[in-house]
Amino acid sequence: MFDEKQLWKERFGRTVKELTRYLRYIFNGHIVIVMVFLLGTAAFYYQEWIKTLPSHFPAAAVMAIILALLVTYSPIYTFFSEADKIFLLPLEDRLSSYFRRSLAVSFLVHAYILVMGLGIFMPLYARVNDGSFNTFLPFLLILLSLKIINLLIRWKIQYYIETSVHILDACVRYAVNAVFLYFLFSGASPIFMLAAGVLLILLYLFFSMKSRDKGLKWEILIDQEERRMTSFYRLANMFTDVPKLKDRVKRRKWLDWLISGIPFKQDATFKNLFVRTFLRSGDYFGIFIRLTFIGAGAIYLISYGMGQILLVPLFMYLTGFQLLPLWNHHQDKLWVNLYPVKGDIKEKSFKQLLTGILYVQALLLSLAVLANGGWMASLLSLALGILFAYVYTHFYIQKRLAGSRA
């Protein structure tokens, strides 16, 4: 006999167990110390920046634009798998309790994000509004109410397969949420907020009526779950091997000029393999781009010269640490071990690639120092970055590479 409550417990428990298993690796090690340092530094400079704001700063508009994104983005965690489109599809009418639990768990996850988001922006709001934090709880309750109606609308949109409907829904909800939150944070008349709130309710009623004769689009729900888990596995793979990770390859033809410079000879076998893997497989190239942009932005916003210089090797460490899985990317492929090349070629090629990547990042981050610092600070940052890259790739990671060979 089918028991939807038991199914929910099994799916939810399995997912929590899987997440907990890999989170132990993610939050265990040097990365935690680095993240604490980064968060502390960001909090300090954020407070210092807030002190410089004039009373006419458009805090309401800034808060509305950003928090509306958090309210509008409302994925629903169903914990479905590929086989469910066959075995659970005929039981869709008996899964109402399952879906309610999914909505409840999704709301709790988003509520936590909203609490953090509002907590970050409250000092900004207090600065412009004479230091008042008394409105935090009312604001939070209103945000949570908005999130509930957005989740309900998002669930009804799951009955549509047309991409245009999903895009239109997201755009309309974001616009309404942003207008509502602007009225809220600017202290406008409640009538304006009421009008925006009624519009959201009408959207829910409209999609509820239109989706009444439709069925859930299981392919979309399953694809969304697989994408979320793949993103998590990709993050966890930076800290430990994840057998369930499905690797995706992107062609990136516009980067072929980087590969064309590699000579076609035996000693360059692993160099060719690692460069192609970095540019096309997994998310290695994306990690490098994101951390470089984030690091450059953080360096540009910091006015303290020594702080800028120290952030250069810090972001280089984050990049180098998260690119280490590239070393074992092909460990399960037997044919890689059949290459007729010397045993030390692989390690030499990997170190050359990682060193080159970190050298490029050191140069780009030093240019960010130059943009908001001086020539001396920029040159010192570049020298420190080059020194760090050499020490990191030739000494720091040596033990890990040796352990992998063993």
Side-chain angles (χ1 to χ4, degrees), residues 58-78 96-97 99-122 124-125 128-129 132-217 220-221 224:
V62 173
M63 294 174 66
I65 291 172
I66 299 178
L67 290 178
L69 290 173
L70 300 182
V71 173
T72 305
Y73 180 69
S74 302
I76 299 169
Y77 309 111
T78 57
S96 57
S97 178
F99 295 142
R100 284 196 297 269
R101 288 179 171 84
S102 295
L103 285 167
V105 169
S106 303
F107 171 73
L108 292 176
V109 173
H110 297 310
Y112 175 78
I113 297 174
L114 284 176
V115 171
M116 298 296 293
L118 183 60
I120 291 173
F121 280 106
M122 279 308 293
L124 176 64
Y125 178 84
V128 180
N129 293 274
S132 175
F133 285 86
N134 297 331
T135 55
F136 177 81
L137 185 57
F139 284 171
L140 179 60
L141 293 177
I142 294 174
L143 282 172
L144 295 179
S145 300
L146 274 180
K147 174 56 72 173
I148 291 175
I149 189 64
N150 275 264
L151 277 171
L152 293 175
I153 296 174
R154 179 59 186 163
W155 177 249
K156 293 302 179 182
I157 296 297
Q158 306 287 358
Y159 288 85
Y160 290 83
I161 196 173
E162 297 85 358
T163 304
S164 58
V165 175
H166 289 254
I167 295 175
L168 181 62
D169 160 67
C171 294
V172 171
R173 282 193 293 115
Y174 175 75
V176 176
N177 290 328
V179 171
F180 182 98
L181 292 178
Y182 177 75
F183 289 148
L184 174 66
F185 297 134
S186 62
S189 172
I191 297 178
F192 297 108
M193 289 183 287
L194 181 62
V198 169
L199 183 56
L200 286 174
I201 296 175
L202 290 177
L203 283 174
Y204 171 71
L205 295 176
F206 172 78
F207 286 118
S208 296
M209 181 181 63
K210 290 294 183 180
S211 62
R212 188 172 301 167
D213 298 326
K214 296 179 181 290
L216 276 175
K217 302 303 178 281
I220 296 177
L221 294 175
Q224 290 172 349

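Values reported hereafter were calculated over all heavy atoms of this structure, with side chains retained and with hydrogens, waters and symmetry mates removed.
Surrounding CG of Leu141 are more than 12 heavy atoms belonging to other residues, nucleotides or ligands, all under 6.0 Å away. Within 6.0 Å of atom CZ in Phe192, 12 or fewer heavy atoms from other residues, nucleotides or ligands are found, so the atom counts as exposed in its surroundings. For Ile161, the CD1 atom counts as loosely surrounded, since its 6.0 Å shell holds 12 or fewer non-hydrogen atoms of other residues, nucleotides or ligands. Few gaps surround CZ on Phe183; more than 12 heavy atoms of other groups in view lie less than 6.0 Å from it.
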### Task
Would you check, one step at a time, whether the test side-chain contact (heavy atoms from CB on, under 4.5 Å) holds for Met63 with Leu181?
CA-CA 8 Å; Met63 294 174 66; Leu181 292 178; over 6 Å; no
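When all heavy atoms of Leu146 and Phe180 are compared, the pair lying nearest together is CD1-CD2, 3.5 Å. Here the shortest heavy-atom pairing between Ser102 and Thr78 reads OG-CA, 3.8 Å. In terms of heavy-atom proximity, Ala68 sits nearest to Tyr174 at CB-CE1, 3.5 Å.
In this structure a side-chain-to-backbone donor-acceptor pair under 3.5 Å is missing from Thr72 to Ala170.
Residues passing the side-chain hydrogen bond (donor to acceptor under 3.5 Å, both in side chains) test with Lys147, sequence neighbours excluded: Ser74.
Between Tyr125 and Phe139, the ring centre distance stays below 6.0 Å. With ring centers used as reference points, Phe121 lies 6.0 Å or more from Phe185.
Taking the centre and axis of the six-membered ring of Tyr160, the NZ or CZ atom of Lys217 falls outside the cone set by 45° and 6.0 Å.
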Quiz: residues 203-213 side-chain donor-acceptor pairs under 3.5 angstrom, not counting sequence neighbours:
from: Ser208; atom 1: OG; to: Tyr204; atom 2: O; distance (Å): 2.7
from: Ser211; atom 1: OG; to: Phe207; atom 2: O; distance (Å): 2.6
from: Ser211; atom 1: OG; to: Ser208; atom 2: O; distance (Å): 3.4

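By the 30° and 60° cut-offs, the orientation of the rings of Tyr73 relative to His110 is perpendicular.
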